[in-house]
Amino acid sequence: MSAQQLLPLAGAALWLVAANLAAMLPSRDNHRSCATILVVIGVPLLGWVTFAFGPVAGVVLMAAGVSVLRWPLMLLGRLRRPWG
């Protein structure tokens, strides 16, 4: 494994650790600011990992990110439904 492949994996691992630490900290805004920062950092990181390792690794990393950020995605789904 070359350094070009090690950097995206290290970034993804740091992102996952930061996301779990952010979830453990108390928050007054229900972690919305942390989730926003994690999404802004995570989307380009997801593209970088997908570019370096291919679409299967990208889908696996996206599933890991969705499992960590499931509440913002559920709230977004509720906002987009016109019937309720």
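If you read the sequence from its start, that first residue is 1, and numbering goes on from there. The shown structure was predicted, so the numbers you read here are calculated from the model rather than taken from an experiment. Side chains included, hydrogens not; waters and symmetry mates left out as well; all remaining heavy atoms used.
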> Which value, rounded to the nearest 0.5 Å, describes the distance between Leu14 atom CG and Leu21 atom CG?
Replying inline: 10.5 Å

ILVMFWY cluster, [X] and [Y] together (side-chain gap under 4.5 Å):
X     : Y     : answer
Val39 : Ile37 : yes
Phe53 : Leu6  : yes
Val60 : Leu9  : no
Val43 : Leu16 : yes

Heavy-atom pair with the smallest gap, counting every atom of [X] and [Y]:
X     : Y     : result
Thr50 : Pro55 : CG2-CA, 4.0 Å
Gly58 : Leu46 : O-CD1, 3.2 Å
Ser67 : Ala64 : OG-O, 2.7 Å

>> Quick check: do Leu61 and Trp15 have side-chain heavy atoms less than 4.5 Å from each other?
In response: no

